[in-house]
4 protein chains.
Amino acid sequence: MLLHVNAGDELPIYRQIVRQVADSIAGGRIKPGDQLPSHRDLAAQLVIAPLTVKKAYDELEREGLIETQRGRGTFVRERPPATVAAESRERLREAARRLLTQAALCGVPFEDVVRVLEEAKEKTTERTDS
Amino acid sequence: MLLHVNAGDELPIYRQIVRQVADSIAGGRIKPGDQLPSHRDLAAQLVIAPLTVKKAYDELEREGLIETQRGRGTFVRERPPATVAAESRERLREAARRLLTQAALCGVPFEDVVRVLEEAKEKTTERTDS
Amino acid sequence: MLLHVNAGDELPIYRQIVRQVADSIAGGRIKPGDQLPSHRDLAAQLVIAPLTVKKAYDELEREGLIETQRGRGTFVRERPPATVAAESRERLREAARRLLTQAALCGVPFEDVVRVLEEAKEKTTERTDS
Amino acid sequence: MLLHVNAGDELPIYRQIVRQVADSIAGGRIKPGDQLPSHRDLAAQLVIAPLTVKKAYDELEREGLIETQRGRGTFVRERPPATVAAESRERLREAARRLLTQAALCGVPFEDVVRVLEEAKEKTTERTDS
DNA sequence: GTGGTCTAGACCACC
DNA sequence: GTGGTCTAGACCACG
């Protein structure tokens, strides 16, 4: 799994990690059961403090995407339990709302939003295929 | 111009204002030459500290989007740089990407994403009508 | 709000804080809208590191019990939103399951569990009244 | 003796074993003189490392609940100290307290807590019957 | 080896 | 003043 992090970014480092790992799972680049690097290793690789990576892992665990086992490591979850799935759906609706809001702010009509979405999908697919 | 602000949001209040004004210009809802409310009035309307609005206006002026004329008020600049619209569009694409990631995590196929989007649109329309 | 913390306890310090604050809200000793002490102040009062208190506040916010506003402080939430309420109900059911499990392990029949519950309730009420 | 163990649990695996054995003694499901499975067998049954079970047995022996006889096996001690049952009961009371706190946070009145408990009981019974 | 917790300090941004 | 983030180190417990 390749991650890169930018200290000067608007987004805090730990959230950049959260998002990239979530994207990696969503894109199928890492699969259920896969083990993530230890937060110490990843920290060394990214040249940041271990606690920063741990904070990211903690958030991913709270979201039900990964699972940590003391003394063994952290792994991508098999399948999120029902309550987590419900929250996840709510986040989906929230993301839909935000997209619509932003479209309205840009003066982009609904039909074009779907086109923007399709374009984004193509790029994601390319990324996954490579 | 209708603005709304959320104190609990991840984005600082003053940046929420910056974005909404910038998007309003990009979307054509306010046009070059239009006058913005005084930062005191806007602060009163949003029930926040005047300094916060001032900070937002300052940033908008630094970005070249608006112009303050001492004793007269603040106005939308003529020929706002093309970058404004571009940045607004980029935020739209980013929102689309996030929606797709979240959909993948939920196991929701692309066709259904469009349906979720339509449902969200209906609710928004209802809300707007009332 | 009176909190006490025990470094030698089985439960991590930050979880002790989470529980005591949650109990305080549940017991009505602090009410919606009330401001909590800043995490720095509380840390000084308890003679622990500020980050430890912050971790507790973060968890309470995630659970939807409190709300933080940058630059202003942290407050007890008015009413948890729907999704949070759902999770909260699930935690309730989980707590019920644990109680039954423990009762089975102790060899305590169901009728006596209700009595244990009533005794616990009386003590809680006393605590709240004082 | 039926034990089950959860790697993802907050409580370390070896302490889960300690508790379940202690509670089994307190609940009378295993009696003084009864022989426990060897730590290797139990480890195989629970699909965990033998060392983990050994650690649990060591702690149980330190607490005076069980006794290892070299070359013969490990047995429940005669006249286990009264504290065992007391601790088990204390865990029961603690579980009751948590249930009440969670109920208060959900705004669920005491009468309904009993109903939630009954519902949980039914489900457990169904599960046990199957 | 792994994760879990805690410390003491720093710097920043927000209000 | 407030919260938000990050660091560099420590110690412990677990498997």
Side-chain angles (χ1 to χ4, degrees), chain A residues 5 7-17 35-44 46-58 61 66-75, chain B residues 5 7-17 43 48-56 59, chain C residues 5 7-17 35-44 46-58 61 66-75, chain D residues 5 7-17 43 46-56 59:
Chain A
V5 128
D9 200 296
E10 185 178 21
L11 214 60
I13 293 177
Y14 81 98
R15 281 192 153 286
Q16 295 180 37
I17 298 174
Q35 180 166 11
L36 295 178
S38 87
H39 68 267
R40 282 175 235 265
D41 281 0
L42 185 51
L46 298 175
V47 198
I48 57 178
L51 244 183
T52 305
V53 179
K54 182 155 194 317
K55 200 170 177 183
Y57 278 16
D58 282 351
E61 181 162 28
I66 67 178
E67 188 179 16
T68 77
Q69 297 178 11
R70 254 192 331 262
R72 295 201 49 230
T74 80
F75 305 83
Chain B
V5 128
D9 199 294
E10 190 177 16
L11 211 63
I13 292 178
Y14 86 98
R15 299 218 54 189
Q16 295 180 38
I17 298 174
I48 58 178
L51 238 175
T52 305
V53 180
K54 180 81 169 50
K55 199 169 178 180
E59 183 150 331
Chain C
V5 128
D9 199 296
E10 186 178 20
L11 215 60
I13 293 178
Y14 81 98
R15 281 191 150 289
Q16 295 180 37
I17 297 174
Q35 181 166 10
L36 296 178
S38 87
H39 69 266
R40 282 176 234 265
D41 280 0
L42 185 51
L46 298 175
V47 197
I48 58 178
L51 243 184
T52 305
V53 178
K54 178 148 197 321
K55 200 169 176 183
Y57 278 16
D58 282 351
E61 180 160 29
I66 68 177
E67 190 178 15
T68 77
Q69 297 177 11
R70 253 192 331 263
R72 295 201 48 231
T74 79
F75 304 83
Chain D
V5 128
D9 200 293
E10 189 176 17
L11 211 63
I13 293 178
Y14 86 98
R15 300 218 54 188
Q16 294 180 39
I17 298 174
L46 298 176
V47 197
I48 58 179
L51 238 175
T52 305
V53 180
K54 180 82 169 48
K55 198 168 178 182
E59 182 150 331

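Numbers restart at 1 for each chain; the letters A, B, ... are given by sequence-line order, proteins then strands.
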Applying side chain to side chain donor-acceptor pair (under 3.5 Å), can you list everything that pairs with D:Lys55, at least two apart in sequence or on another chain?
none

Atom CG of residue position D:Leu11 - does it have more than 12 heavy atoms of other residues, nucleotides or ligands inside 6.0 Å?
yes

Mind checking what makes side-chain contact (heavy atoms from CB on, under 4.5 Å) contact with C:Ser38, not counting sequence neighbours?
C:Arg40, C:Asp41

Pairing residues for B:Glu10 by the side-chain contact (heavy atoms from CB on, under 4.5 Å) criterion, not counting sequence neighbours:
A:Arg15

Helical stems, DNA chain F - three or more consecutive Watson-Crick or G-U wobble pairs below 3.5 Å
E:1-14 with F:1-14

List the residues meeting salt bridge (charged side-chain N to carboxylate O under 4.0 Å, His left out) with C:Arg72, not counting sequence neighbours, and say none if there are none.
none

Any residue meeting side-chain contact (heavy atoms from CB on, under 4.5 Å) with C:Glu61, in chain and number order, not counting sequence neighbours
C:Ile66, C:Thr68

For nucleotides 2-6 of chain F, give me every protein contact, N/O to N/O, under 3.5 Å, one pair per line with atom names.
unit_1, atom_1, unit_2, atom_2, d
F:dG3, N7, C:Arg40, NH2, 2.5
F:dG3, O6, C:Arg40, NH2, 3.0
F:dG4, OP1, C:Thr68, OG1, 3.4
F:dG4, OP2, C:Lys54, NZ, 3.4
F:dT5, OP1, A:Tyr14, OH, 3.4
F:dC6, OP1, A:Ile13, N, 2.4

Partners passing side-chain contact (heavy atoms from CB on, under 4.5 Å) against A:Ala44 (at least two apart in sequence or in another chain)
none

